[in-house]
Amino acid sequence: MNFRPLHDRVVVKRLEQEEKTKGGIIIPDTAKEKPQEGEVMAVGPGARNEAGELVPLDVKAGDRVLFGKWSGTEVKIDGEDLLIMKESDLLGIIEQ
């Protein structure tokens, strides 16, 4: 991917939701909600604080994150559906 977000923005790829429930019921595509979990693909250099110093982001490429249902702007880059959002739209990092 030849895209680098600016400032405190991150590029996130949604992770696909399970096809079945725990009880074994198959969920059709029309009933699925958009997943709120994704993988960070790229991050910007950070935002500047009031003193003009660059504050780096807490996330890095490869992190699994949770984000709000309506967070980010949907874009298509190199044929992939991705989201661009500010770091503050992320709810947290999923540690494994």
Side-chain angles (χ1 to χ4, degrees):
M1 175 171 65
N2 294 327
F3 182 81
R4 182 177 51 98
L6 299 175
H7 309 293
D8 62 340
R9 288 182 174 79
V10 297
V11 178
V12 177
K13 179 180 178 180
R14 287 186 196 266
L15 296 178
E16 290 303 314
Q17 194 176 17
E18 292 282 330
E19 298 288 323
K20 290 185 186 179
T21 64
K22 290 181 182 179
I25 299 171
I26 297 175
I27 303 169
D29 288 339
T30 55
K32 286 183 188 176
E33 288 190 20
K34 290 185 176 181
Q36 293 176 265
E37 185 177 328
E39 179 182 352
V40 175
M41 304 300 287
V43 298
R48 298 218 177 256
N49 63 15
E50 292 177 11
E53 301 164 340
L54 189 65
V55 179
L57 303 182
D58 291 329
V59 295
K60 62 186 179 311
D63 284 347
R64 288 182 67 165
V65 294
L66 288 178
F67 50 88
K69 194 175 273 193
W70 308 110
S71 297
T73 302
E74 294 182 358
V75 295
K76 189 169 255 185
I77 300 172
D78 294 336
E80 270 190 293
D81 291 324
L82 302 169
L83 290 167
I84 297 177
M85 63 184 75
K86 288 191 167 241
E87 184 187 38
S88 59
D89 292 338
L90 298 176
L91 303 175
I93 299 172
I94 300 171
E95 296 179 350
Q96 299 173 1

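Values reported hereafter were calculated over all heavy atoms of this structure, with side chains retained and with hydrogens, waters and symmetry mates removed.
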Specify the closest pair of heavy atoms between [X] and [Y], including all atoms of both residues, with the distance to one decimal.
X: E39; Y: L15; answer: N-CG, 4.1 Å
X: D63; Y: D58; answer: OD2-O, 4.4 Å
X: D8; Y: A47; answer: CB-CB, 3.9 Å
X: P5; Y: P45; answer: O-CD, 3.8 Å

What residues form a side chain to side chain donor-acceptor pair (under 3.5 Å) with D89, not counting sequence neighbours? none

Checking N49 now: which residues fulfil side chain to side chain donor-acceptor pair (under 3.5 Å) with it, not counting sequence neighbours? E53

Within-4.5 Å side-chain heavy-atom neighbours: [X] and [Y]:
X: F67; Y: L83; result: yes
X: E74; Y: D81; result: no
X: M85; Y: V10; result: yes
X: L82; Y: E80; result: yes

Count I, L, V, M, F, W, Y as connected when their side-chain heavy atoms are under 4.5 Å apart, and connections chain through other members. Are [X] and [Y] then in the same cluster?
X: F3; Y: V75; value: yes
X: I94; Y: V59; value: no
X: L57; Y: L91; value: no

Which distance, rounded to the nearest 0.5 Å, do you find between the CD1 of I77 and the CG of N2? 10.0 Å

